[in-house]
Protein chains: 2
Amino acid sequence: MARQAPAAEHDDIVESLVARMRAHGDRATPARRLLLQALADKPGHLSAEKLAAEVRARAPGVNITTIYRNLYELERLKVVDRTRPVHGPATYHLASAAHGHLACAECGTVTEIPGRLFASLASQASAQYGFVIEPHRSAVVGLCSGCRR
Amino acid sequence: MARQAPAAEHDDIVESLVARMRAHGDRATPARRLLLQALADKPGHLSAEKLAAEVRARAPGVNITTIYRNLYELERLKVVDRTRPVHGPATYHLASAAHGHLACAECGTVTEIPGRLFASLASQASAQYGFVIEPHRSAVVGLCSGCRR
DNA sequence: CTCTATGCAAATCTTTTGCACGAAC
DNA sequence: GTTCGTGCAAAAGATTTGCATAGAG
């Protein structure tokens, strides 16, 4: 339902995130709302440049610098996750449910997988190295089913 | 033993890798030998710039471009692995025994761990997504024991 | 001698920073 | 009215590319 209004569906998500920012003393600006909306609307992992394009579709004046500065702040607040693919610019997405990433070295595609697949690795890394892994920030490199052969 | 001649210890490794390159039609140049030697001598994960410094210690004229071009070729031949840390330039190291990486998001340290810790994740990624992971090319992000608290 | 590898300079791509002005509270 | 956010320009950092020449086979 509401197939014609995909953006509106995420208004509540955006507002709750704006509230979260304000709780940290950050102000609620149009550019921020639009950035959060772009992150909420687009399921995939987007680069700063792509996100800027999304924001500009509604507010043409927004500079890429603003996008970077807000992404940096959002990352600090753990609202968004930043992942670096094998090649090209870093990608960003809302820090949703626990999950990890499979990044294809060949085609660059990033696939989300449930965080529980990291359970075994997580317990061993913790026990043997005192290292606490954060799957949502990690990209495990390899070859996807399409590029495998 | 041979504590005073750490570089010489790896001469055979370097030569076998040079041979491997020649088998692919690549020529054996001084810059390449020195790059491979730097990779063999230094256990850690080094950036192109650091590797250039190592090479220049013995051959001052070598350009960073040459380093990048050779690293690209070595990566293609699967002689070296390339990993992208959370921040900063990509790092390179010899593709030795199967292993993975734990990259601390706080201090940037990269820790090598045995590839077998990825066994569970590997089998599930393969079974459920047809994705073949390559732990040696992957950096699992998190917090190291020192930065954890 | 032929073809690859390198040096050098310049371009490209991604991200960060300084500064002055405009907007949120 | 203060303080923070943004635009613009420029810088910085990392990597790639074009071209002429030096060097390996």
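Chain letters run A, B, ... following the sequence lines, proteins first, then strands; residues in each count from 1.
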Interatomic distance where [atom1] belongs to [X] and [atom2] belongs to [N] [whole Å]:
X: B:Arg32; N: D:dG23; atom1: CZ; atom2: C1'; result: 12 Å
X: B:Asn63; N: D:dT15; atom1: CG; atom2: C1'; result: 12 Å
X: B:Leu71; N: C:dA5; atom1: CG; atom2: P; result: 14 Å
X: B:Leu51; N: D:dA14; atom1: CG; atom2: C1'; result: 14 Å
X: B:Ile67; N: D:dA14; atom1: CD1; atom2: C1'; result: 15 Å
X: B:Asp26; N: C:dT4; atom1: CG; atom2: P; result: 10 Å
X: A:Arg69; N: C:dC19; atom1: CZ; atom2: P; result: 13 Å
X: B:Glu75; N: D:dT15; atom1: CD; atom2: P; result: 11 Å

Any idea which of [options] is nearest the [X] side chain?
X: B:Tyr68; options: D:dT6, C:dT15, D:dA14; result: D:dA14
X: A:Pro89; options: C:dT6, C:dT14, C:dT2; result: C:dT14
X: B:Val62; options: D:dG7, C:dC25, C:dG7; result: C:dG7
X: A:Ala90; options: C:dT15, D:dG5, C:dT6; result: C:dT15
X: B:Arg27; options: C:dA5, C:dG7, D:dG5; result: C:dA5

Students often get this wrong, so: under 4.0 angstrom with heavy atoms, is [X] touching a base, only sugar-phosphate, or nothing?
X: A:Arg22; answer: sugar-phosphate
X: A:Gly88; answer: nothing
X: B:Gly61; answer: sugar-phosphate

Exercise: identify the closest heavy-atom pair between B:Ser138 and B:Glu134: OG-O, 3.1 Å

Parallel, tilted or perpendicular: ring planes of A:His101 versus A:His93, cut at 30 and 60 degrees: perpendicular

Whichever of A:Arg84 and B:Ala31 has its nearest DNA chain C nucleotide further upstream toward 5':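 Nearer the 5' end of the strand: B:Ala31.
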
Contact under 4.0 Å: A:Thr29 side-chain N or O vs D:dG5 OP1/OP2: no

Any B:Thr65 side-chain N or O less than 4.0 Å from OP1/OP2 of D:dT16: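 Indeed not, no polar side-chain atom of B:Thr65 lies that close.
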
More than 12 heavy atoms from other groups under 6.0 Å of CD on B:Gln128: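 More than 12 heavy atoms, drawn from other residues, nucleotides or ligands, come within 6.0 Å of this atom.
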
